[in-house]
Amino acid sequence: VSALNINGGTCTVSGNLIFTGTNATATRIGRIDVTTGSLTLDGTITWMANTVSATESIRTTGTGSLTFNSAVTMGDASGTIAATSTGTINFNATPTALTFGGTTAPVLTSTSGCTINFNGSLTAATTALTFIAGSNVVFTGSGTITPTSVITFNNFQINSAVAVTLAGNIIVAGNWV
């Protein structure tokens, strides 16, 4: 495992984050871990071109935050973005915050108590997207939710003065606030 451990510090990447290589061995992992600190990425993410989503991982493992200021695409041969505790993930790009899904299924992990904020549109194509029981998804900015594959939210909130358009059916398994 090659890791950048931000722990309680702050890391701001003004450029792009590029995971390089093609090794699909699940034990060869490039990872960024944030515990109580923060990671802010202003540029884009380039995932490795392989068949194992576990080989590239960006996670908050405590109360820390991950902030993506450019559109995130988690399509074919992409990796993992995870909140494994009560941290926060911010997808801040507009008009498209996150495009999720591909034949090599990417992974977006949520945990009870975490919060995932979307400032723009969310699309799930090819791969189902499920936010686990007790997790909170908040739309902080206007956008469209396009579920060409199933999207299941647990606690779902649209902030006041925010317009969200549904381009298909979604499932809200918890509370719609």
Side-chain angles (χ1 to χ4, degrees), residues 1-21 26-48 52-74 78-94 96-100 105-122 124 127 129-141 143 151-160 162 172-177:
V1 175
S2 295
L4 169 60
N5 296 308
I6 297 168
N7 298 321
T10 299
C11 179
T12 301
V13 179
S14 299
N16 299 325
L17 173 61
I18 301 170
F19 290 98
T20 59
T27 57
R28 296 189 133 192
I29 300 168
R31 181 169 57 211
I32 298 173
D33 280 341
V34 178
T35 53
T36 58
S38 65
L39 167 69
T40 300
L41 175 62
D42 291 333
T44 61
I45 301 171
T46 300
W47 304 101
M48 284 189 233
V52 181
S53 61
T55 58
E56 313 100 46
S57 176
I58 305 168
R59 10 178 250 181
T60 174
T61 60
T63 58
S65 65
L66 306 174
T67 300
F68 302 99
N69 288 327
S70 291
V72 174
T73 299
M74 297 184 75
S78 62
T80 299
I81 296 176
T84 62
S85 187
T86 57
T88 302
I89 300 174
N90 300 300
F91 292 101
N92 283 347
T94 59
T96 302
L98 175 64
T99 302
F100 181 85
V107 177
L108 177 60
T109 301
S110 60
T111 306
S112 181
C114 78
T115 300
I116 302 175
N117 296 311
F118 291 95
N119 193 43
S121 296
L122 166 64
T127 307
L129 179 56
T130 300
F131 297 95
I132 199 160
S135 65
N136 306 293
V137 174
V138 180
F139 277 80
T140 59
I151 301 177
T152 303
F153 297 100
N154 186 60
N155 296 321
F156 180 80
Q157 176 179 325
I158 301 171
N159 284 352
S160 63
V162 171
V172 178
N175 299 307
W176 187 319
V177 181

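The structure displayed is predicted, hence computed values, not measured ones.
A donor-acceptor distance shorter than 3.5 angstrom exists from the side chain of Thr111 to the backbone of Ala83, with no hydrogens or angles considered. Using modelled atom types, no side-chain atom of Thr63 and backbone atom of Thr36 make a donor-acceptor pair closer than 3.5 Å. A donor-acceptor contact shorter than 3.5 Å is absent between the side chain of Thr46 and the backbone of Ile18. Side chain of Trp47 to main chain of Thr73: a donor-acceptor pair is present (N/O by atom type, distance under 3.5 Å, no hydrogens or angles). Using modelled atom types, one side-chain atom of Ser70 and one backbone atom of Asp42 make a donor-acceptor pair closer than 3.5 Å. A donor-acceptor pair is defined here as one N or O able to donate and one able to accept, closer than 3.5 Å; such a pair exists between the side chain of Asn136 and the backbone of Cys114.
Shown here for Met74 and Gly79, the closest heavy-atom pair between the two residues is CE-O, 3.3 Å. Residues Ser110 and Ser135 come closest through the heavy atom pair OG-OG, 3.8 Å. Ser85 and Gly62 get closest at one heavy-atom pair: CB-O, 3.5 Å.
One finds the CZ atom of Phe100 at 9.5 Å from the CD1 atom of Ile151 (value rounded to the nearest 0.5 Å). Interatomic distance, Ser112 OG to Asn154 CG, rounded to the nearest 0.5 Å: 7.5 Å. Once rounded to the nearest 0.5 Å, the distance linking CZ of Phe19 with CD1 of Ile58 reads 4.5 Å. Considering OG1 of Thr35 and CZ of Arg59, their distance stands at 11.0 Å, rounded to 0.5 Å. Going from atom CG of Leu66 over to atom CG of Asn117 covers 11.5 Å, rounded to the nearest 0.5 Å. Atom CG in Leu17 sits 10.0 Å away from atom CD in Glu56 (nearest 0.5 Å).
Of the residues Asp33, Leu4, Ile32, the one that meets the side chain to side chain contact (heavy atoms under 4.5 Å, CB included) test with Leu39 is Ile32. The residue from Thr12, Asn16, Val13 that alone fulfils the side chain to side chain contact (heavy atoms under 4.5 Å, CB included) condition with Leu41 is Val13.
Considering only heavy atoms from C-beta on, Trp176 stays 4.5 Å or farther from Phe153 through its side chain. Looking at Val72 and Thr99, their side chains never come closer than 4.5 Å, going by heavy atoms from C-beta outward. Put simply, the side chain of Thr10 reaches to within 4.5 Å of the side chain of Ser38, judged on heavy atoms. In this structure, the side chains of Asn69 and Thr40 come closer than 4.5 Å at one or more pairs of heavy atoms. Residues Leu129 and Leu108 have side chains in contact (heavy-atom distance under 4.5 Å, counting atoms from C-beta outward). Counting only heavy atoms from C-beta outward, the side chains of Ile81 and Ile89 approach each other to under 4.5 Å.
Note: Phe118 and Phe131 have perpendicular aromatic rings, judged against thresholds of 30 and 60 degrees for the angle between ring planes.
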Working for side-chain contact (heavy atoms from CB on, under 4.5 Å), residues Phe68 and Asn90:
CA-CA 6 Å; Phe68 302 99; Asn90 300 300; over 6 Å; no
The test is side-chain contact (heavy atoms from CB on, under 4.5 Å); show your working for Phe91 and Thr67 and say whether it passes.
CA-CA 6 Å; Phe91 292 101; Thr67 300; over 6 Å; no
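With hydrogens and angles left out, the side-chain atoms of Asn159 and Gln157 include a donor and acceptor closer than 3.5 Å. A donor and an acceptor atom, one from each side chain of Asn119 and Asn92, are nowhere located under 3.5 Å apart.
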